[in-house]
Each structure stands twice: as C-alpha cells, then as structure tokens.
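To keep things clear, I will list the structure first and then write my remarks on it.
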Protein chains: 2
Amino acid sequence: MLHQSDQLDLIYQALADAGRRAMLDQLSRGPATVSKLAEPLDMTLSAVVQHLKILEASGLVRSEKLGRVRTCRADPKVLAMAERWINQRRLMWERKLDKLGDLLASQPDDDDSGKDVKS
Amino acid sequence: MLHQSDQLDLIYQALADAGRRAMLDQLSRGPATVSKLAEPLDMTLSAVVQHLKILEASGLVRSEKLGRVRTCRADPKVLAMAERWINQRRLMWERKLDKLGDLLASQPDDDDSGKDVKS
DNA sequence: TGATTGGTGAAGCATTTGCTTAACTATCAA
DNA sequence: TTGATAGTTAAGCAAATGCTTCACCAATCA
C-alpha cells in the first residue's frame with residue numbers, strides 16, 4: 001500500500017521531465033502504442049519504455065498488451081490528485097494574502113515598514 | 001528568460017520531494033525564517049538551505065534577508081502555473097472519456113472489436 | 001569586546017536518473 | 001519457416017540529487 005506522500009513523490013517526479021510531459025500530452029488526446037508515443041521524441045524506443053515505466057509507477061498511465069502491441073492511456077484520477085494538492089495550498093495562501101491586503105487597506109496610511117506585503 | 005517548459009521542469013522537480021512539500025505547506029500558512037522552516041524537518045540546516053535554493057530556483061518561493069534573518073514566502077502565481085498545466089490535460093482527457101462513454105452508450109450492444117475509436 | 005545566533009558555501013560521497021547500445025523474446029504475415 | 005515488427009531487458013556510463021560535515025561570515029547580545 002502506497003502512502004499518499006510517496007505517490008505524490010512519484011507523480012511530481014514523473015511530471016518533472018519535458019519528455020514525459022509530452023507523452024502525457026499525447027495521451028491526453030487519446031490512447032497510443034509505445035512506438036506511436038516514441039515517434040515525436042528524439043530518443044530510442046528503449047528510453048521511451050523507461051519513461052513509460054516511471055509514468056506507470058506513478059499511476060498516471062496504465063497500459064495493456066494485446067498481441068505484440070502495448071496500448072497506453074492516461075488516468076485522470078491520479079492527475080486530479082496532484083492537482084488537488086497544489087490547489088489546496090494555493091487557495092490557502094491566496095486567502096492569507098487577501099486577508100493581509102484587507103488588513104492593510106483598513107489601516108489608514110501608516111508607515112508599515114518591516115511589514116511589506118509584496119515587493 | 002526561462003522557457004515555460006524549463007520552468008515546469010523546475011517546479012515539478014521541486015514538488016517531487018516530501019520535505020520540500022512540507023516546507024511549502026508551512027509557508028502556505030504564512031512566511032517563515034529559514035530556521036523555523038528547518039525546525040520540524042529531520043535534517044541539518046545546511047540541507048534545508050539547499051532545498052530552499054531549489055524552491056527559489058523554481059519561483060515557488062521568494063525570500064529576503066533583513067539583518068541576519070532570511071524570511072521566506074511562497075508565490076501563488078507560480079503554483080497556479082503548475083496547476084494549470086495539469087488541469088488542462090486532465091480536462092482534455094476527461095472530455096475524451098466522456099465522449100467515448102456517450103458513443104458506447106449510443107451504440108446498441110455491438111461487438112466493436114478492432115474498431116478503436118481514435119488511433 | 002568576545003560569544004552566540006542565523007545563515008552560507010564548499011567538499012565529499014552514495015544513490016538515482018536518463019540515456020545509450022546490444023542482445024533478446026514474442027507476435028504476425030508470407 | 002523465415003523475416004519483419006513491437007517491445008523488453010541488461011549493462012554501462014555521465015550527470016544530477018540529497019544528504020553530511022566543516023569552515024566561515026555577519027548581526028546581535030552580554
């Protein structure tokens with residue numbers, strides 16, 4: 001059983017490579033075979049398979065083999081998980097910034113040195 | 001000037017570590033000094049500073065030094081950028097899945113083997 | 001002043017990543 | 001059965017990561 005934090009490690013690690021993001025991008029437009037996935041990328045099939053393993057380990061992509069062809073597709077649920085983590089933090093600290101803004105706005109013009117809102 | 005793709009590399013790379021996410025988490029609850037940031041983490045101050053550099057290089061965190069104290073705060077705009085990339089892909093392929101669902105639903109029970117919807 | 005606090009920077013080191021080439025297996029088609 | 005196609009796996013290697021320790025600087029405090 002994978003801890004949520006470990007899976008987030010794997011997901012963001014998977015996203016941290018332009019080649020893998022390109023693969024996800026292609027998969028977001030529909031399923032693809034390994035060689036189709038490799039086609040636009042300037043690397044060997046072998047390298048692509050290794051990237052694919054990383055994407056699968058993170059859960060972002062699943063695949064199944066039929067005959068000699070492996071077809072890959074992306075899993076939106078796992079991507080949603082990565083999105084949620086970011087979204088929660090972002091909202092939390094945007095709310096914080098707003099409150100700070102309100103506070104400063106309610107304060108009449110005052111020397112607020114040492115308390116810079118945003119540089 | 002940083003290409004968008006390069007910055008995404010840096011952002012996701014920065015997010016791909018539980019320690020750095022913990023730091024962001026703390027920063028989402030408000031600014032903090034380097035040592036405050038280090039306190040709950042089981043590693044040397046030196047290591048924390050190195051993580052901080054990674055977070056700053058990605059743009060997720062900015063900091064300024066006053067006297068001998070460095071105060072760090074997170075930047076929601078950069079996080080929004082990471083969120084947007086994910087969100088766009090996710091929506092794209094959820095739409096795709098929905099359309100596929102509709103198609104299958106409209107199709108009376110039929111053997112559609114060998115007839116992939118879009119290759 | 002001299003000691004303490006808060007942070008910085010450079011080695012150094014083990015592990016991981018991202019790629020390559022090359023050998024191999026399994027399926028399909030003739 | 002022979003050959004092409006699709007993919008897999010292992011070995012090897014350079015570079016990047018994630019830590020540590022140690023030496024150091026600069027602001028404050030007694």
Which whole-number value in Å describes the distance from B/Arg70 CZ to C/dG9 P? 8 Å
Rounded to whole Å, how long is the line connecting atom CD of B/Glu39 with atom C1' of C/dT5? 14 Å
Between CG of B/Leu55 and P of D/dT17 the distance, given in whole Å, is 13 Å
Return the value, rounded to whole Å, for the distance between atom NZ of A/Lys53 and atom P of C/dC19. 14 Å
Taking only the side-chain heavy atoms of B/Val34 (C-beta and beyond), determine which of D/dC19, C/dG18, C/dT8 contains the nearest atom. C/dT8
Take atom CE of A/Met43 and atom C1' of C/dT20, then tell me their distance rounded to the nearest Å. 12 Å
Look at the aromatic rings of B/Tyr12 and B/Trp85 and report parallel, tilted or perpendicular, splitting at 30° and 60°. perpendicular
Calculate the interatomic distance between B/Ile54 atom CD1 and C/dG9 atom C1'; express it in whole Å. 15 Å
Side-chain N or O of B/Ser46 less than 4.0 angstrom from OP1 or OP2 on D/dT20? no
Nucleotide nearest B/Arg68 when distance is taken to its side chain, options D/dG7, D/dT28, C/dG18: D/dT28
Nearest heavy atom decides the nucleotide; on that basis, is A/Val69 or A/Gln13 closer to the 5' end of DNA chain D? A/Val69
Rounding to an integer number of Å, can you tell me how far A/Leu45 CG sits from C/dC24 P? 18 Å
Keeping the roles fixed (side chain from B/Gln7, backbone from B/Ser58), state whether a donor-acceptor pair exists under 3.5 Å. yes
State, with a plain yes or no, whether a side-chain heavy atom of A/Ser63 is found less than 4.5 Å away from one of A/Arg73. no
Is there a donor-acceptor contact under 3.5 Å linking the side chains of B/Arg21 and A/Ser5? yes
Record whether the side chain of B/Gln50 comes under 3.5 Å of the base of D/dT20 through a donor-acceptor pair of N or O atoms. yes
If the cut-off is 4.0 Å, is B/His51 near the phosphate of D/dC19, judged by side-chain N/O to OP1 or OP2? yes
Should A/Lys53 and A/Glu56 count as an ion pair when the cut-off is N to O under 4.0 Å? no
Interatomic distance, A/Lys65 NZ vs C/dC28 C1' [rounded to whole Å]: 13 Å
Select from A/Leu66 and A/Ala16 the residue whose nearest nucleotide in DNA chain C is closer to the 5' end of that strand. A/Ala16
